[in-house]
Amino acid sequence: MKPLPASFYEHKDVVRIARDLLGKTLVTLTDGKLTSGLIVETEAYSYRERGCHAYNNKMTERNKVMFEQGGVAYVYLCYGVHNLFNIVTNKAGQADAVLVRALQPLKGEETMLARMKTNSLKRITSGPGKLTKALGIDRKLNGASLLKSDLWIENGVKINKNEIVTAFRIGIDYAGEDSKLPWRFYLKDNVWVSKE
DNA sequence: TAGAGGATTGAT
DNA sequence: TCAATCCTCTAC
């Protein structure tokens, strides 16, 4: 399998990319250990709405990688506890991104279990803060290219349109009206999706 | 330079 | 329901 091409990430419609990422495979090679998982839940963020760190084209030290060309990782610390993994999309200067919220473990399951200090495979990647830990993603990978580093996305399984559920995004009440945008996508009846 | 708060999680 | 935990942003 090969990483998805740059053109996939440079599309101008971040919502479409978020939907297309369902069923793709996220792969990391951290500390010499390969781990991967099927993407089963995503959320879209755009500089045009308040839920986004780069709302109104506001660039800061933290979110500046969002303004790079699509195809890089945006990893940041949330609540002082969790690393959250985003995929930067669109062209340079158009700060859009997709947050990966849940995975279905595929490879390196033992490595993930060891990182999570648990014996239960269930729910170890069902949440944005958990999947980064399971796959060994942290802020060192902020700005890393998904085309040529130890972090990339491959084609996975084909998803039918009627398997995709559309919902409101989680945890962004502060965004006002924009928190009602139906920009969260997940696979219907998939046990690996994060719980609300 | 101090203070507030967050795209979450797991324990109580 | 609530604390953990720390980096980032904003205001002074």
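Atoms considered below: every heavy atom in the structure, side chains included; atoms not considered: hydrogens, waters and symmetry mates. Remember, predicted model here, so these are calculated numbers, not experimental data. Proteins come first, then strands; the chains are lettered A, B, ... in the order of their sequence lines, and each starts at number 1.
In the set C:dA4, C:dT10, B:dT9, the nucleotide with an atom closest to the side chain of A:V81 is C:dA4. Looking at the side chain of A:L77, the nearest of the listed nucleotides C:dC6, B:dT9, C:dT5 is C:dC6. Here C:dT8 is the nucleotide among C:dT8, B:dA7, C:dC7 with the atom lying nearest to any side-chain atom of A:R62.
With centres under 5.5 Å and a plane angle under 30°, the ring of A:Y45 is stacked against the base of B:dA7.
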**Prompt:** Tell me, what's DNA chain C's dot-bracket, Watson-Crick or G-U with both distances under 3.5 Å, | for other-strand, [ ] crossing?
**Reply:** ||||.||||||.
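A:N83 CG to A:I137 CD1: the interatomic distance, rounded to the nearest 0.5 Å, is 9.0 Å.
Regarding A:M66, its CE atom lies at a distance of 12 Å from the P atom of B:dA7, rounded to whole Å. When the C1' atom of B:dT9 is taken as reference, atom CE of A:M116 falls 10 Å away, rounded to whole Å. As rounded to whole Å, 15 Å separates atom P of B:dG5 from atom CG of A:D173. Straight-line distance from the OH atom of A:Y79 to the C1' atom of C:dA4: 13 Å, rounded to whole Å. Distance, A:Y55 OH to B:dA7 C1': 17 Å, rounded to whole Å. Computed from coordinates, the A:Y174 OH to B:dG6 P distance equals 8 Å when rounded to whole Å. Taking atom CG of residue A:N86 and atom P of nucleotide B:dT8, one finds them 11 Å apart after rounding to whole Å. A straight line from NE2 of A:H53 to P of C:dT10 spans 11 Å, rounded to a whole angstrom.
In this structure, A:K133 reaches neither bases nor backbone, as no heavy-atom distance under 4.0 Å exists between it and the strands shown.
Heavy-atom nearest nucleotides on DNA chain B were determined for A:I172 and for A:K130, and the one closer to the 5' end corresponds to A:I172.
For A:E41 and A:S194, the side-chain atoms include at least one donor-acceptor pair closer than 3.5 Å.
A salt bridge links A:R169 to A:E49: one of the charged nitrogens lies within less than 4.0 Å of a carboxylate oxygen. With respect to A:E154 and A:K24, no salt bridge is recorded, no charged nitrogen being found less than 4.0 Å from a carboxylate O. Salt bridge status for A:K33 with A:D31: absent, with no side-chain N to carboxylate O gap under 4.0 Å.
Between the side chain of A:Q94 and the backbone N or O of A:K91 there is no donor-acceptor pair closer than 3.5 Å.
For the segment residues 93-105 of chain A, the set of residues with a heavy atom within less than 4.0 Å of an atom of DNA chain B comprises A:L99, A:R101, in numerical order.
Looking at heavy atoms from C-beta onward, A:V157 lies in side-chain contact with A:I159 at the 4.5 angstrom threshold.
Atom P of B:dA2 sits at a distance of 23 Å from the matching atom of C:dT5, rounded to the whole Å.
With a 6.0 Å cutoff to the six-membered ring centre and a 45° limit on the axis angle, A:K2 does not count as a cation-pi contact of A:W152. Figure legend: cation-pi geometry between A:R62 and A:Y74 absent, as NZ or CZ is not positioned both under 6.0 Å from the six-membered ring centre and within 45° of its axis.
Contact check, A:K64 against C:dT8: no side-chain N or O comes under 4.0 Å of OP1 or OP2. Not one side-chain nitrogen or oxygen of A:Y74 sits closer than 4.0 Å to the OP1 or OP2 atom of B:dA7.
For A:H53 and A:Y76, the distance between ring centers is under 6.0 angstrom.
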